[in-house]
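Only one structure is covered here, and it is reproduced in the block below.
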Amino acid sequence: MAQIITLESLLAPAAPPTSSAASGCTASACGSSQAPSGMDPAVWERVKDHPCYAEEAHHYFARMHVAVAPACNIQCNYCNRKYDCANESRPGVVSEKLTPDQAVRKVVAVANAVPQLSVLGVAGPGDAVYDWRHTRETFERVQAAIPDLRLCLSTNGLALPDHVEAIAAMGVDHVTITINFIDPEIGARIHPWIFFNHQRHTGVEAARILHERQMLGLEMLVARGILAKVNSVMIPGINDEHLAEVNRVVTQKGAFLHNIMPLISDPAHGTAFGLFGQRGPTPAELKALQDRLAGGANLMRHCRQCRADAVGLLGEDRGQEFNLDQLPAEAAYDPAARATYRDLVAETRGEHAAHRDAARDDVAAMDAPAVLVAVATRGGGRINEHFGHAKEFQVYEVSPEGIRFTAHRRVEQYCQGGWGEDATLEGVLATLAGIACVLVAKIGDCPRQSLEDAGIAASQDHAYDWIESGIAAWYAQRYRSTVRLTA
Ligand code: CLF
Ligand code: SF4
């Protein structure tokens, strides 16, 4: 018998949702989610359940990576081969490497247990396209077992032109290329060598070959209608200024999305950049660059730089629940839970879209400054996480121009085993610097006071509301009273 699933049981079990902006659901939005303005509805159909390709989708849908591709054909100065591919993951965490057979067992187990699952990605721990034999076999077998799972892969691009036809024939619709440079002089400072055509190349010559292959691969993907995403690692003093040129070129070549990720660099990771003391950008530097690039390719701002074996919604990682030794030896795929969940999301997203539009109209009528609001959420588009349980906050910029997701900020969970840790709270406060207000499902008096002492408002008045509705209501309350006081 099919399991009974509700969105609330999956995402916000503690209280019924309420709304402070629009109420009910408009006829036009009900039961559907519409393409964002300017997006072809046919393209929206291909991205609306991909948590990386559509920001809105990451509230509802999960991805999983299987670490089936250990081999790589280049060296990046931000990578230590002992660890995961840093193009799509945090360095410093070892993945359980899987054979295609083990990967299929894991995908079936996750699909049965995580109804939000919509995408299977191969993102390392080496290069998914260079290690094509493993990636292809995994995809073919998963496709046979779970035909509606979207397939996604990530590559450095060097081997991509050799496999685009096979990728297209398999129906892989989403491919990411990591492109950090256009100018080979800059590329040589990031990628010291490549292995190409049975030969090792170094320096500027290696970077030039890599660049040509990346451009060719991107053009071939776009020509076949595959949605190409470009990831770039932002490395201060090396390619940070140059990324505007990367953005210009990949936009012109038809990239669907550009994801600029901050360099993660730590001597403990044993990477060349970590050992040289190369720093990563600050959140403010990253945001300033992203803001400068608005208008080119769509920018992805919600990347979590996830592991090569990540499982779950982007802000969570349930990979440890599905280690090999925990998997059943054999299990059949049961499509019921995912199908039920999809139907519920389809209905809910229409309601969410209507409330988002109402919230946008509410803030457009305001005369108030742009401020940042941090939201604690467990997914589903709601303010539904307690302050003390949050492992990250989603940051939105609100102004009369609208309400826009800008970034996430990771924190150490404040509440451990029933009580809050003062030392942890200090770190949380530092991470929330520059935030005007934190919206949460619940917060205790003690952390609320500490936040207020640090100049950050905290509110649980919008608990379980839609994120945009709660932000608009807080904004109106905050700035209407200011207007009244100063009038
Ligand atoms: Fe994985 Fe990458 Fe596909 Fe997403 S991740 S292969 S496109 S399914 Fe997503 Fe993770 Fe960022 Fe990658 S949040 S690191 S962008
Ligand atoms: Fe490491 Fe990935 Fe670069 Fe290969 S492509 S060196 S695995 S970061």
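Please read these numbers as outputs of a predicted model, since none were measured by experiment. Each ligand, and each atom within it, is numbered from 1 in the order the structure gives.
- Of all atoms in ligand 1, listed by their number and element, those nearer than 4.0 Å to a heavy atom of V119 are 8 (S).
- Nearest-heavy-atom check against atom 1 (Fe) of ligand 1 across M64, R63, H65, K229 picks out H65.
- Cation-pi geometry between R382 and W466 is satisfied (NZ or CZ under 6.0 Å from the ring centre, within 45° of the ring normal).
- Between R213 and D162 there is a salt bridge, since a side-chain N of the basic residue sits under 4.0 Å from a carboxylate O of the acidic one.
- Heavy-atom proximity to N156, at under 4.0 Å, picks out these atoms of ligand 2: 5 (S).
- When each atom of ligand 1 is checked for a heavy atom of C303 under 4.0 Å away, the hits are 11 (Fe), 13 (S), 14 (S), 15 (S).
- A salt bridge does not link K48 with E56: none of the charged nitrogens is closer than 4.0 Å to a carboxylate oxygen.
- Salt-bridge annotation for R133 and E137: absent, with no side-chain N of the basic residue lying under 4.0 Å from a carboxylate O of the acidic one.
- Coordination check, C306 versus atom 9 (Fe) of ligand 1: failed, since every N/O/S atom of the residue sits at 2.8 Å or beyond.
- For H50, the closest heavy-atom approach to ligand 1 falls below 4.0 Å.
- Using a 4.0 Å heavy-atom cutoff, H174 is absent from the residues neighbouring ligand 1.
- In summary, D309 and K106 do not engage in a salt bridge, as defined by a charged side-chain N under 4.0 Å from a carboxylate O.
- At least one heavy atom of M300 sits under 4.0 Å from some atom of ligand 1.
- The ligand atoms of ligand 1 that sit less than 4.0 angstrom from a heavy atom of R304 are 11 (Fe), 13 (S).
- Under the 4.0 Å criterion applied to side-chain N and carboxylate O atoms, E316 and R304 are not assigned as salt-bridge partners.
- Contacts with ligand 2 closer than 4.0 Å are made by heavy atoms of both the backbone and the side chain of C76.
- With respect to the salt-bridge test (charged N to carboxylate O, under 4.0 angstrom), the residues R141 and D101 qualify.
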Run the side chain to side chain contact (heavy atoms under 4.5 Å, CB included) check on L314 and H302 step by step: do they pass? CA-CA 8 Å; L314 294 193; H302 61 285; 3.6 Å; yes
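- When each atom of ligand 1 is checked for a heavy atom of C152 under 4.0 Å away, the hits are 3 (Fe), 6 (S), 7 (S), 8 (S).
- Taking a cutoff of 4.0 Å between a charged side-chain nitrogen and a carboxylate oxygen, D291 and R404 qualify as a salt bridge.
- Close contacts between ligand 2 and C79 involve ligand atoms 1 (Fe), 6 (S), 7 (S), 8 (S) [criterion: under 4.0 Å to a heavy atom].
- Using a 4.0 Å cut-off between heavy atoms, H302 makes no contact with ligand 1 at all.
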